[in-house]
S.K.: 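Input: one structure, supplied below.
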Amino acid sequence: MTKYTRKTTTKEIYFLVILLLLIISIDIAFRSIESRVSGNVKHIQEIPTLISTIDSSDSLKTIFMGNSLSNRAIDADIINDVSKLQSVKVVPDGTSLWDWQCIIRNQILNKNSIDVIVIGFAWNQLADDYPVNASRIGAYFCSWNDLWGNRAGNGLNSFDLAGEFVAAKVSHIYASREVLRNRVLSILIPEYESQTQRSNRLVAPHEVVRNGVSNGSSFNVLSKLIEDLKGEGTKVIVMAMPVRDAYQIDENLGSIVRVAGAVFLDYRNMPELDSSMFVDNMHLGKNGMSIFTRELSHDLQRLNIGD
Amino acid sequence: MLFNSFVFWAFFAVVIVLYWRLGHRLQNRMLLVASYVFYGYWDWRFLGLIFLSTVVDYFIAIHLEKTSVKRRKQLLLGISVASNLGMLGFFKYYNFFVHEMAELLTAIGIQANMPTLYVVLPVGISFYTFQTMSYTIDVYRGHTKPTRNFLDLALYVSFFPQLVAGPIERSHDLMPQILKPRYYRPGDFSEGLYHVLFGLFKKVVIADNMAPIVNTIFSTPTSELTGTEVLIGVYAFAFQIYGDFSGYSSIAQGVAKWMGIDLSWNFKMPYFARNPSDFWRRWHISLSSWLRDYLYISLGGNKKGRLFTLRNLMLTMLLGGLWHGAGWLFLLWGFWHGLLLIVYRIFEGEDNSNRSSNRFVTLFKVILMFNLICIGWLFFRAESLSQAIDMLGLLFSLDYSFTALSAYSFSMVLFFVTPMMLYEFRVERKKDLLYLLSASVPERTLIYAYFALMLVVFPPVSPQVFIYFQF
């Protein structure tokens with residue numbers, strides 16, 4: 001058995017310092033390469049530059065905010081050409097209102113003057129009860145103030161979510177664990193992706209329906225965000241994005257958005273988009289993107305946004 | 001409040017800061033409050049059960065000491081055992097027995113309207129009931145002095161690190177540590193850190209990553225499975241339940257260590273066991289030694305001849321199986337282990353532990369034992385008796401084709417389990433459970449960094465509740 005002396009205590013401290021330094025070094029090294037590991041992280045890191053670039057423009061400054069649905073549906077170049085806007089896309093993968101709120105509050109409100117923000121969503125991604133990804137908002141979008149100041153307002157309504165937020169803020173390896181895990185295991189484990197999907201379908205069918213919508217959700221966070229943006233003179237447009245199979249949204253959402261002072265556009269059932277224009281069950285392909293973007297441009301012109 | 005949740009560690013941070021700022025008496029009071037808060041966080045409605053169990057055993061223990069009349073002593077002990085087992089029986093077995101009785105009566109042509117109740121199983125009831133019972137039995141046997149301080153006994157019953165999933169501590173081990181002042185001992189921090197880190201690794205990285213594989217295989221209709229898939233599914237479950245339960249025990253040990261309290265080792269590399277007796281000296285040690293001391297020995301142990309010994313072994317294992325839950329499969333699991341103990345005892349004799357010095361013979365014995373244990377796990381994990389039988393049939397069908405599911409599952413088991421088993425093999429060879437604490441700094445740093453990084457990068461997609469909480 002181990003015997004403890006003063007010498008072993010010193011050795012223990014020495015060991016802990018080395019261990020801590022090693023783990024910190026690995027995390028720092030990872031931070032320096034994470035944009036190369038993940039295109040999504042690269043995009044996230046570019047967001048401040050993107051926003052400041054349009055802020056210096058003389059044209060109508062527009063941000064298209066959303067997730068991969070908006071990314072694969074909107075061609076900013078076409079919009080800029082057709083509507084003569086200066087627009088950028090802020091569309092990190094898998095994000096929802098919790099992420100967009102933090103981006104807007106920390107990088108736009110009181111910092112950059114933006115004329116129009118167009119938020120693209122699907123299902124219940126704007127509802128107050130939509131699950132927050134505490135790791136992602138902690139590592140990339142929210143600040144420490146968002147944790148201490150308005151924890152519940154940022155969806156961190158449990159101690160575990162707050163803990164996850166802190167852990168992700170401290171360690172980007174932790175924040176990127178899903179990406180790293182999938183990268184490593186898809187290399188080492190045969191049939192990793194297909195079998196994981198099979199396992200999810202078999203074992204946790206309730207997980208698959210997390211996007212299901214029940215009427216009666218509250219949208220207080222969205223309403224407050226729209227009011228704050230309006231207060232800064234920013235016009236807000238909220239649009240329901242098309243996916244391959246039609247989906248439901250809360251029946252009150254449209255009126256809640258309008259009452260808050262924003263415009264609500266519904267693209268869930270565009271007759272011009274058939275299922276062949278989707279590359280999977282959610283995302284548009286090139287053709288679909290072009291058709292959607294032109295439709296959006298016309299609607300923006302109808303709303304007197306751009307030429 | 002799971003050990004692998006942030007809320008537990010926030011709770012523990014508050015507890016430990018307060019703990020080392022208080023004197024001995026206040027430490028105990030604060031720990032008692034913390035333990036009740038910890039348990040109440042699961043379900044405050046069942047706090048009354050722990051309290052009731054404590055009150056009954058407090059008074060009975062005091063009266064046991066006062067009386068010297070054997071019959072009165074037996075009566076008091078009987079009241080204690082009946083009240084504890086009564087509570088356990090009601091919450092854990094009532095519906096099972098009512099259902100089975102109704103089935104039996106229907107089978108013989110009697111229509112029975114048996115009253116069924118929706119009984120919620122209080123978390124950890126089997127653990128704290130056994131721990132409380134050990135106190136009164138030890139007082140009855142004169143192995144422990146009853147405590148006059150009710151609050152100290154209440155802490156012994158509810159001490160939060162081991163309250164909901166053990167180890168089941170014995171009064172002569174834990175009670176003196178509660179009664180005496182505790183001081184910070186050099187080495188406690190590093191031992192605690194080792195237990196916590198390795199425990200979290202086993203729970204989060206091993207058990208929770210095996211869970212989706214096990215769940216997939218056990219929720220696939222047996223007709224769609226091959227022998228290879230069943231075999232890998234059972235192996236995965238063997239590591240899942242080991243990681244889950246030993247991980248919990250290890251974290252409990254570490255957390256208690258940081259408070260200067262030594263909890264017993266509940267697992268000692270069980271999958272390196274060479275025979276069933278060896279396995280039970282390494283697996284859930286606190287339960288197996290409880291059953292040995294309070295049941296097997298009470299039944300006569302091995303003192304009444306060979307046949308009685310074998311009967312006692314079987315009865316002990318059957319009750320051990322039933323301890324895990326009300327179900328025929330748990331009983332079957334107990335029966336299987338009873339059978340293994342009997343067969344090995346017949347063929348290898350009583351002293352059947354670790355005699356072989358031949359490396360290959362030892363290796364063969366370890367592999368054989370592991371596979372025999374896995375057959376037991378099949379009964380333990382199966383959703384129904386028919387599934388267990390069908391899966392057993394597949395195992396012996398020699399349909400060992402390699403499918404996409406088996407390739408995936410096998411690789412996942414290899415990726416997660418191999419490093420842990422290699423590490424445990426090294427511990428086994430060193431014959432020192434804490435050898436890593438005295439290993440060189442580079443070796444220790446590398447192993448700890450591996451545990452820590454795996455914990456950070458490879459937690460499961462959806463965290464799992466500890467399996468043994470249901471017992």
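On a predicted model such as this, the values are computed, not experimentally measured, just so you know. Chain letters run A, B, ... following the sequence lines, proteins first and then strands; every chain starts at 1.
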S.K.: Could you tell me whether the side chain of B:Phe6 reaches within less than 4.5 Å of the side chain of A:Leu161, counting heavy atoms only?
M.R.: no
S.K.: Surrounding CD of A:Glu193 (heavy atoms of other residues, nucleotides or ligands, distance under 6.0 Å), is the total greater than 12?
M.R.: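 No, not enclosed.
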S.K.: Is chain B contacted by the side chain of A:Glu191, its backbone, both, or neither, given a heavy-atom distance below 4.5 Å?
M.R.: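 Backbone plus side chain of A:Glu191, per the 4.5 Å heavy-atom cut-off to chain B.
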S.K.: Which bit of B:Leu193 comes within less than 4.5 Å of chain A, counting heavy atoms only: side chain, backbone, both or neither?
M.R.: side chain
S.K.: Report, as yes or no, whether the 6.0 Å neighbourhood of atom OH on B:Tyr400 holds more than 12 heavy atoms from other residues, nucleotides or ligands.
M.R.: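 Counting neighbours around OH of B:Tyr400, more than 12 heavy atoms of other residues, nucleotides or ligands fall under 6.0 Å, so yes.
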S.K.: Would you mind checking which part of B:Phe415 comes under 4.5 Å of any heavy atom in chain A, side chain (CB onward), backbone (N, CA, C, O), both or neither?
M.R.: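 Interface part for B:Phe415: side chain.
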S.K.: Quick one: pull up CG in A:Leu185 and CG in B:Asn209 and give me the separation to the nearest 0.5 Å.
M.R.: 8.0 Å
S.K.: How about A:Phe15 and B:Tyr448: are their ring centres within less than 6.0 Å of each other?
M.R.: yes
S.K.: So, the side chain of A:Asp160 versus the backbone of B:Val7: is there a donor-acceptor pair under 3.5 Å, distance only?
M.R.: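 Such a contact is found between A:Asp160 side chain and B:Val7 backbone.
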S.K.: Is B:Leu414 in contact with chain A via its backbone, its side chain, both, or neither, using a 4.5 Å heavy-atom distance?
M.R.: neither
S.K.: Please classify the contact between B:Phe189 and chain A as side chain, backbone, both or neither, with a heavy-atom cut-off of under 4.5 Å.
M.R.: side chain
S.K.: Walk me through whether A:Arg198 and B:Thr220 qualify under side-chain contact (heavy atoms from CB on, under 4.5 Å).
M.R.: CA-CA 11 Å; A:Arg198 175 194 159 142; B:Thr220 301; 3.5 Å; yes
S.K.: Where on A:Val179 is there a heavy atom nearer than 4.5 Å to chain B: the side chain, the backbone, both, or neither?
M.R.: neither
S.K.: Quick one: what part of A:Leu16 sits under 4.5 Å from any heavy atom of chain B, side chain, backbone, both or neither?
M.R.: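 Contact with chain B: side chain only.
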S.K.: Supply the atom-to-atom distance B:Tyr408 OH to A:Tyr192 OH, rounded to the nearest 0.5 angstrom.
M.R.: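 Atom-to-atom, B:Tyr408:OH and A:Tyr192:OH are 6.5 Å apart.
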S.K.: Quick check on A:Glu178: does its CD atom have over 12 non-hydrogen neighbours (other residues, nucleotides or ligands) under 6.0 Å away?
M.R.: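 Incorrect, the count does not exceed 12.
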S.K.: Under 4.5 Å heavy-atom distance to chain A, tell me which part of B:Pro459 shows up: side chain, backbone, both or neither.
M.R.: both
S.K.: Can you pull out the residues in residues 166-173 of chain A with any heavy atom less than 4.5 Å from chain B?
M.R.: A:Ala167, A:Ser171, A:Ile173
S.K.: Which bit of B:Ala407 is near chain A, if near means a heavy-atom gap under 4.5 Å: side chain, backbone, both or neither?
M.R.: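 Answer is both: backbone and side chain atoms of B:Ala407 are under 4.5 Å from chain A.
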S.K.: Are there over 12 heavy-atom neighbours, none belonging to B:Trp20, within less than 6.0 Å of that residue's CH2?
M.R.: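 It does: B:Trp20 CH2 has more than 12 such atoms within range.
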S.K.: Nearest 0.5 Å please: distance from the OG atom of B:Ser406 over to the CD atom of A:Gln195.
M.R.: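 Rounded to the nearest 0.5 Å, the OG-CD separation comes to 8.5 Å.
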S.K.: How long is the gap from OG1 on A:Thr196 to CE on B:Met412, to the nearest 0.5 Å?
M.R.: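 Reported value, rounded in 0.5 Å steps: 6.0 Å.
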S.K.: Write down the atom of B:Thr445, the atom of A:Leu19, and the distance for their closest heavy-atom approach.
M.R.: O-CD1, 3.7 Å
S.K.: Under 4.5 Å from any heavy atom of chain B, what part of A:Leu22 do you find: side chain, backbone, both or neither?
M.R.: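 Only the side chain of A:Leu22 comes within 4.5 Å of chain B.
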S.K.: What closest approach, in Å, do B:Ala452 and A:Ile23 show between heavy atoms, and which atom pair accounts for it?
M.R.: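 Looking at all heavy atoms of both residues, the shortest contact is CB-CD1, 3.8 Å.
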S.K.: Any non-hydrogen side-chain atom of B:Leu455 less than 4.5 Å from a side-chain atom of A:Arg177?
M.R.: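 Of all side-chain heavy-atom pairs linking A:Arg177 with B:Leu455, none is under 4.5 Å.
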